[in-house]
Amino acid sequence: MRDSVVMRWMVAALGLVIALSLTQELARPETTDLISAGTAESTLRRAIPILLAGLGGIWAERAGVVNIGLEGMMILGTWFGAWGALEFGPWWGLAIGVAGGAAGGLLHAIATVGFGVDHIISGVAINILAPALARFLSGEVFAARSGGGITQSPRVESVGHGDLPFVSGGDMFGWSTPDLFGWLSDQGWFLVSDLSALLSGITSNVSWATLLALLLVPASVVILWRTSLGLRIRAAGEHPVAADSLGVNVYRMKTLAVVVSGGLAGFGGAFIVIEQTGIYREAQVQGRGFIGLATVIFGNWQPVGAFLGSMLFGFADALQLRDRTAVHALLLLVGAALAALAVRAVLRRRPAAGTGFAALALVVLWWYSVSEEVMRELPPITPHVATLLVLVFASSRLRMPAANGLRYRRGQE
């Protein structure tokens with residue numbers, strides 16, 4: 001990946017932090033949750049399953065296989081993760097959750113790569129099969145245990161958490177080190193305190209499973225873009241006929257990528273059980289597999305883009321749980337962003353688009369000015385609204401792998 005791409009995303013993330021800090025200063029009624037340590041910590045925790053599903057989608061689609069079944073593979077990860085954690089401990093729970101998701105990926109690969117089944121049909125079938133299988137297994141295994149039932153498991157343990165010494169107050173050989181970010185965030189300095197609060201939230205009380213998931217982002221970049229294996233996988237997704245003529249086993253590459261895709265989604269499901277909720281419950285994935293698929297598109301089929309997309313969706317998810325006033329303050333940010341898009345469209349001599357954005361900006365800013373909080377129904381759907389808006393505005397500049405979703409049979413052009 002070119003460094004300029006990474007730098008562009010990093011500058012965009014910094015710009016978003018500055019915009020949130022300004023919005024928090026100007027928002028009325030006042031809010032302290034738009035950018036805070038608690039919101040940052042919650043955002044990271046809620047973004048990880050979406051990130052893992054997004055990485056899974058990238059692995060599959062880079063090999064030319066659309067993986068609509070990510071939701072079902074995450075569901076398999078939740079059940080097998082809970083069972084593994086109960087039987088062998090939380091780390092084994094994560095590993096077995098990965099294996100459960102990978103089994104779903106293998107089923108998808110056999111159907112699409114082996115038998116040439118339409119990718120969408122196979123994915124939908126897995127999404128229907130997975131919850132039914134999880135419910136059957138729960139009745140056979142969890143219902144007989146204390147605290148368990150046909151729709152839930154007994155509680156499971158976490159893999160543990162850690163702090164970063166000297167910057168977030170972590171312990172070192174029994175000594176409590178200074179909390180630099182916490183001190184800076186308490187000073188009330190514009191932008192500096194907000195940025196410190198954000199860094200404090202993502203470096204304190206961080207789950208080891210979170211660190212492992214974050215490491216999978218650079219690992220995916222290196223494997224897919226810096227190794228011969230990654231080159232073969234991407235070749236299978238761009239031009240399988242040419243790759244086959246050069247000696248690449250296209251079937252094997254597609255199958256491997258889809259199994260890895262399922263394993264990553266299974267990791268996301270196990271993370272929900274072991275780190276987010278501490279228990280398996282039926283339907284607890286709540287569409288995160290589909291949102292993860294949206295991050296694939298938002299991130300232009302790049303791991304770093306999917307990471308930033310998952311943070312955006314995780315932020316919307318975290319905010320709706322913490323403070324309705326903060327969600328109301330987001331109206332000011334959305335209105336300002338629409339106004340900026342209107343100006344941009346006018347400068348590019350697109351008057352129709354400019355007029356549309358300006359009208360939307362006026363409506364949102366009027367809504368913000370005449371209200372002090374949003375209706376109760378809006379915060380729960382904020383992540384889904386954010387998903388739709390991002391896909392609408394980002395879809396025009398995206399490029400997916402050329403052979404993505406196409407049925408490939410050896411010997412056929």
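This one's a predicted model, so the numbers in the text were calculated from it and none came from an experiment. Along the sequence shown, residues are numbered consecutively beginning with 1. We use all heavy atoms of the structure for the numbers below, so side chains are in, but hydrogens, waters and symmetry mates are not.
In this view, L216 and L52, L55, L264, F267 satisfy the side-chain contact (heavy atoms from CB on, under 4.5 Å) rule, not counting sequence neighbours. E157 pairs by the side-chain hydrogen bond (donor to acceptor under 3.5 Å, both in side chains) definition with nothing, not counting sequence neighbours. Not counting sequence neighbours, the partners of A402 by the side-chain contact (heavy atoms from CB on, under 4.5 Å) test are E238, R399. Residues satisfying the ring-ring contact (aromatic ring centres under 6.0 Å, His included) test with H328, not counting sequence neighbours, are Y368. Remark: A342 pairs with F357, A358 by the side-chain contact (heavy atoms from CB on, under 4.5 Å) rule, at least two apart or across chains. T78 is linked by a side-chain hydrogen bond (donor to acceptor under 3.5 Å, both in side chains) to nothing, counting only residues two or more places apart in sequence or in another chain. In this structure, T151 has no side-chain hydrogen bond (donor to acceptor under 3.5 Å, both in side chains) partners at least two apart in sequence or on a different chain. The side-chain contact (heavy atoms from CB on, under 4.5 Å) check on P218 picks up nothing, with sequence neighbours excluded. For S158, the side-chain hydrogen bond (donor to acceptor under 3.5 Å, both in side chains) partners are E275, not counting sequence neighbours.
The line from CG of L137 to OH of Y280 is 8.5 Å long, rounded to the nearest 0.5 Å. Atom CG of L293 and atom CZ of F290 lie 8.5 Å apart (nearest 0.5 Å). Separation of atoms CH2 (W79) and CD1 (I96) is listed at 9.5 Å; rounding is to 0.5 Å. Rounding to the nearest 0.5 Å gives a distance of 13.5 Å between CZ of R288 and OG1 of T295. With rounding to the nearest 0.5 Å, the separation of CD in Q286 from CD1 in I272 is 8.0 Å.
R232 CZ: 12 or fewer foreign heavy atoms inside a 6.0 Å radius.
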Exercise answer: donor-acceptor pairs, residues 343-350 side-chain atoms, under 3.5 Å, sequence neighbours excluded:
none

Sequence neighbours excluded and cut-off under 3.5 Å, please list the side-chain donor-acceptor pairs for residues 121-133, or say none.
| unit_1 | atom_1 | unit_2 | atom_2 | d |
| --- | --- | --- | --- | --- |
| S122 | OG | H108 | ND1 | 2.8 |
| N127 | OD1 | G72 | N | 2.7 |
| N127 | ND2 | I68 | O | 3.1 |
| N127 | ND2 | G123 | O | 3.4 |

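There is no side-chain donor-acceptor pair under 3.5 Å between E87 and W92.
Aromatic ring pairs are classed by plane angle as parallel below 30°, tilted from 30° to 60° and perpendicular above 60°; the pair F80 and W83 is perpendicular.
Among residue pairs with one or both ends in residues 239-252, those qualifying as salt bridge (charged side-chain N to carboxylate O under 4.0 Å, His left out) are D244-R410; sequence neighbours excluded.
Remark: side-chain polar atoms of S138 are paired, donor with acceptor, to backbone N or O of A134 under 3.5 angstrom.
With contacts defined as side-chain heavy-atom distances shorter than 4.5 Å, the pair F142/I150 does not qualify.
Closest non-hydrogen pair, L256 versus L229, comes out as CD2-CD1, 3.8 Å.
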